[in-house]
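One structure below.
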Number of protein chains: 2
Amino acid sequence: MEISQTEENYLKIIFKISERDGEPVSTNAISAEINTTAASVTDMVKRLSEKSLIHYERYKGVTLSTEGEKAAKRLIRKHRLWEVFLVTELNFSWDEVHDIAEQLEHIKSAELVERLDKYLGFPKFDPHGDPIPDAAGNFTFRRQYPLSELSVGESGIVVGVQDHSATFLQFLDRMNLGLGAEIQLLERFDYDESIKILNRSDQEQILSKKVCQNLFIQKK
Amino acid sequence: MEISQTEENYLKIIFKISERDGEPVSTNAISAEINTTAASVTDMVKRLSEKSLIHYERYKGVTLSTEGEKAAKRLIRKHRLWEVFLVTELNFSWDEVHDIAEQLEHIKSAELVERLDKYLGFPKFDPHGDPIPDAAGNFTFRRQYPLSELSVGESGIVVGVQDHSATFLQFLDRMNLGLGAEIQLLERFDYDESIKILNRSDQEQILSKKVCQNLFIQKK
DNA sequence: ATAAAATTTTAGATTGGGCTAAAAATATTT
DNA sequence: AAATATTTTTAGCCCAATCTAAAATTTTAT
């Protein structure tokens, strides 16, 4: 049975919400994420359930079936591989690629995905530091922390972001805080939970609580 | 006004039929090409006409408007650039790329197309020898003839195909008659309109009328 | 020039994906 | 345990894109 582009998007978003909030995923959570009414979501989850892509019980929310989860991971794999292509081959910046990858992820050809993966040198992470599932659906795990959880004195490398918005990514560029940036936490200010860091490719910087919460660091 | 994927496909097919059979393009010609009923085509041409993408008069067939032709050419440009990418970068063979490019051509991002074009070195022809329109919609013209129109003794290079089917392309591969093959017409057999050629990267070969009609040659 | 054949259009139905408004079920507060 | 609030579902509608069957128009043949 064919999975439509719309259905794929639902599976992807259900996967994403599951990861973030746990299961089961509520109708409202889905509708909030994709800007559709709860009524439409109910319609769609019925269809997805009919196709055995999710488990659904009235008023109880949904969980992905094995099949549904596979489909979601395939989509994420494609999305992230295309993002790598756009950034490393076509020189797009990391804040420009999301919308294009959102379209490219729906291209149907297993062969294409595998060749692209090989062409790009089997990357493990995308331009935002998110792990790229392998053909079997396995993610590479990496121990990483929000910058807000580092202790004073600790050092680390920027390896990912929580917030993928273009404005945040552009801010990070302006601050020389892209992936790979090496930093050390110098001081915490309890007043507003901002911090002072030493950015090795720059100098001392003050970062707000919001920035700290959205930046992932690998300690070293 | 947005052009849907389905609408884009209609524009492309109308462009293709116009090129082949001239204008105006009949409802039946379209329905034959895309495997839909004539009634559905009538519905769609009304919509396209409503959007000023084609000129349409009941019972009189359709022609592309300036806007419609631009859209069709953009689609062809994308299709052929992606085919180049698939063949030259991802090592697909020329008989495998059509269906994937058929999907990729609908990706919406003008920036992506221009970057891809540059990345590929501004190719003028796709893997089947078909010209790639530039950003303004202009095709590179090349004087080429079906092999069936060559005279005995004339030499030339294979530069394109009329028939894009995988079976024909695979046959050409097997005969060492891919793009760039150098040949000379040695003899014509009136009986079945087959010919004998000298294939410089092979040896003497007999080719049927059908093959001759579907192979484009640049004389030299 | 008319009859027959072919083409094209209309009418009416269907399916996927979405909407609003109202009803039903669940969760929260008192 | 009610009453209230929130969430979810149902009912009924819409639009794009398709279909079949029948009607209208154009083309071809006699």
Side-chain angles (χ1 to χ4, degrees), chain A residues 1-14 17-18 20-64 68 71-72 75 102-103 105-106 108, chain B residues 1-14 17-18 20-64 68 71-72 75 102-103 105-106 108:
Chain A
M1 214 183 299
E2 272 288 279
I3 305 178
S4 76
Q5 233 168 273
T6 315
E7 289 168 342
E8 284 186 334
N9 284 335
Y10 272 86
L11 294 176
K12 194 180 49 163
I13 217 66
I14 292 167
I17 299 169
S18 293
R20 193 190 58 198
D21 305 343
E23 304 187 313
V25 173
S26 76
T27 302
N28 255 14
I30 298 172
S31 79
E33 205 73 35
I34 61 176
N35 232 45
T36 44
T37 62
S40 304
V41 172
T42 299
D43 277 359
M44 179 54 90
V45 298
K46 278 185 197 162
R47 269 194 292 275
L48 292 173
S49 173
E50 202 57 46
K51 290 189 174 187
S52 301
L53 292 165
I54 61 175
H55 303 296
Y56 166 59
E57 222 181 318
R58 287 165 75 252
Y59 295 100
K60 304 286 181 179
V62 305
T63 60
L64 290 175
L75 216 62
E102 204 76 358
Q103 300 175 62
E105 73 190 4
H106 296 290
K108 283 177 201 333
Chain B
M1 212 183 305
E2 271 288 279
I3 305 179
S4 76
Q5 228 165 278
T6 315
E7 289 169 342
E8 284 187 332
N9 283 335
Y10 272 87
L11 295 175
K12 193 180 51 164
I13 218 64
I14 292 166
I17 299 169
S18 293
R20 193 189 59 199
D21 306 344
E23 304 186 312
V25 173
S26 75
T27 301
N28 255 13
I30 298 172
S31 79
E33 205 73 34
I34 60 175
N35 233 43
T36 44
T37 61
S40 304
V41 172
T42 299
D43 277 359
M44 180 54 90
V45 298
K46 277 185 197 161
R47 269 195 293 274
L48 292 173
S49 174
E50 203 56 47
K51 289 189 175 186
S52 302
L53 292 165
I54 61 176
H55 303 297
Y56 167 59
E57 222 181 316
R58 288 165 74 252
Y59 294 102
K60 304 287 181 179
V62 305
T63 60
L64 290 175
L75 215 63
E102 203 76 0
Q103 300 175 63
E105 73 190 4
H106 296 290
K108 284 180 200 331

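In what follows, chains carry the letters A, B, and so on, assigned in the order in which the sequence lines appear, proteins first and then strands, with residues in each chain numbered from 1. Side-chain atoms are counted along with the backbone in the values below, which use heavy atoms only and exclude waters and symmetry mates.
- For DNA chain C, the span of nucleotides reached by chain A at under 4.0 Å from its heavy atoms goes, 5' to 3', from dG17(C) to dT26(C).
- Projected onto DNA chain C by closest heavy-atom contact, Arg58(A) and Tyr10(A) fall at different nucleotides, the more 5' of which corresponds to Tyr10(A).
- No side-chain heavy atom of Ile34(B) sits under 4.5 Å from any side-chain heavy atom of Asn9(B).
- The separation between Met44(A) atom CE and dT8(D) atom P is 17 Å, rounded to whole Å.
- When Glu33(A), Glu7(A), Glu102(A) are each tested for a salt bridge (charged side-chain N to carboxylate O under 4.0 Å, His left out) with Lys12(A), only one passes: Glu102(A).
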Working for side chain to side chain contact (heavy atoms under 4.5 Å, CB included), residues Thr36(B) and Tyr10(B): CA-CA 11 Å; Thr36(B) 44; Tyr10(B) 272 87; 3.9 Å; yes
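- Under the 4.0 Å criterion applied to side-chain N and carboxylate O atoms, Glu2(A) and Lys108(A) are not assigned as salt-bridge partners.
- Put simply, CG on Leu48(B) and CD on Glu8(B) are 11.0 Å apart, with the number rounded to the nearest 0.5 Å.
- Here CZ of Arg47(B) is found 13.5 Å from CD1 of Ile3(B). Values are rounded to the nearest 0.5 Å.
- A close approach under 4.0 Å does not occur between any side-chain nitrogen or oxygen of Asn28(A) and OP1 or OP2 of dT6(D).
- Here Tyr59(A) does not reach the OP1 or OP2 of dT6(D): none of its side-chain N or O atoms lies under 4.0 Å away.
- Taking CE of Met44(A) as the reference point, atom CG of Leu11(A) lies at 9.0 Å (rounded to 0.5 Å).
- Residues Asp43(B) and Ser40(B) fail the side-chain proximity criterion, which asks for heavy atoms closer than 4.5 Å.
- Sorted by residue number, the members of residues 29-43 of chain A with any non-hydrogen atom under 4.0 Å from DNA chain D read Ala38(A), Ala39(A), Thr42(A).
- Using a 4.0 Å heavy-atom distance criterion, Glu7(A) is classed as a sugar-phosphate-only contact.
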